[in-house]
Amino acid sequence: MYNIPLFDLNYDENELQAVTETLASKWISSGPKCRELEEKFSETLQISYACAVSNCTAALHLALCVLGIGEGDEVIVPSLTFVATVNAVRYVRAEPVFCDIVSPMDITIDVKKIESLITEKTKAVIVMHYAGFACQMQEIMRIARERHLYVIEDACHGPLSEYQGKKLGTFGDIGCFSFFSNKNISTGEGGMLVTGSPEIDKRVRLMRSHGMTTMSYERAKGHSASYDVKELGFNYRLDDIRASLGIVQLEKLAFDLKKREKVREWYLTYLKDMEGIWIPFADNYELSSNYIMPVVLKKSDYKKRDHVRKLLQEQGIQTSVHYPAAHRFSIYQELPHGNLQNSEYVADCEITLPMYGKLEESDIVFICRIFRHILEELP
């Protein structure tokens, strides 16, 4: 049992009431609550269309499908991301091309490296807004327009995060969000695909439900008596139970992000003069979801990092690693890749400290004091 866990669910009686009301309605599959969540999500992000799906991986898969990415195509992806970002490329039989991150201070995809990786086979770029901090979207979109590439934003870390005053997930052709249990919006499983294109939205809605022209709720309400199947689709629907949780979580989000912002301020205060670490995005002042709190050890390797994590664990502080470099996994080792030294270093030396709105300043003081002591005692 950890005295300070990595994450704590932001739930109360409101989530319980929402689920109870949905159960009482006797409609628990995809229906009115999913539609309500979609409408509120698109309004919050100020984008035209939002489509609720079963998880962010499904959103990424659908994004690639509706953009026509397939066998023989290449998609540039970061290696320092959760593996689902890369797996989705393989789902459509395209080839992932791994790109390095900027540095241990900016753990997002390197724009300069993107340009060098583009070939005649390149059809898209997937960016991942690490920890809720934006990639260099202005430059990425410039390159994409000049080279006629699609841009998919893996914004699973960044609901409400901004870049130059605009919400993440709304820059590219498609934005993908996660509602996994440890995300800023937590529904257990679930996700959202957003777009400004009515054509993309229409096709995504078709493909998320078996390629069917109408869904069960529409037929049950008498809006349609039958359906056609227009193409090979999937069962990527979100259910109304999880959607009801998502509605409550979305309503709490802005207030929770203010609390997370304060937690990050405390971390920056108590870590700022600590030798031996980098604090990624320390100079970022735009609105961020602050999904996680990463630090990177200097002059380190994975053995030293794992030792530090073990010592923190012994003091009741839970930590994590975000993420193992995807190109090192057995399934992707055979793929050619260039210099990914920044991704490999951060994958070996990053530690994710506890981050959630319920943390108090005394908790951060304790974490930083223990962390400092451990680093000072290392040989």
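All heavy atoms count here, side chains included; hydrogens, waters and symmetry mates do not.
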Is there a salt bridge (charged side-chain N to carboxylate O under 4.0 Å, His left out) between Lys358 and Asp256? Walk through the geometry before answering.
CA-CA 9 Å; Lys358 295 176 185 177; Asp256 183 62; over 6 Å; no
Are Tyr332 and His327 close enough that their ring centers fall under 6.0 Å?
no
Establish, yes or no, whether the cationic atom of Lys166 lies under 6.0 Å from the six-membered ring centre of Phe171 and within 45° of the ring axis.
yes
Verdict with reasoning, Glu38 to Cys51, per side chain to side chain contact (heavy atoms under 4.5 Å, CB included)
CA-CA 6 Å; Glu38 290 171 343; Cys51 181; 4.3 Å; yes
Nearest heavy-atom contact between Cys135 and Ile140 is CB-CD1, 3.8 Å
For the pair Phe82 and Tyr323, name the ring-plane relationship: parallel under 30°, tilted 30 to 60°, perpendicular over 60°.
tilted
Using salt bridge (charged side-chain N to carboxylate O under 4.0 Å, His left out), reason through Arg242 and Asp239 one step at a time and then give a plain yes or no.
CA-CA 6 Å; Arg242 288 181 175 86; Asp239 62 84; 2.6 Å; yes
Show your working on side-chain hydrogen bond (donor to acceptor under 3.5 Å, both in side chains) between Gln46 and Thr170 and close with a plain yes or no.
CA-CA 8 Å; Gln46 299 178 358; Thr170 67; over 6 Å; no
Under 6.0 Å between ring centres, would you say that holds for His129 and Tyr163?
no
Any sub-3.5 Å donor-acceptor pair from Tyr345's side-chain atoms to Lys299's backbone N or O?
yes
Salt bridge (charged side-chain N to carboxylate O under 4.0 Å, His left out) for Arg305 and Asp301? Distances and angles first, verdict last.
CA-CA 6 Å; Arg305 187 270 311 279; Asp301 56 27; over 6 Å; no
Checking side chain to side chain contact (heavy atoms under 4.5 Å, CB included) for the pair Leu206/Lys230: CA distance, chi angles, key distance, verdict?
CA-CA 8 Å; Leu206 191 69; Lys230 290 194 171 183; 4.0 Å; yes
Quick check for you: to the nearest 0.5 Å, what is the distance between Ile69 atom CD1 and Glu95 atom CD?
13.0 Å
Using ring centroids (six-membered ring only for Trp), state whether Phe234 and His61 fall under 6.0 Å.
yes
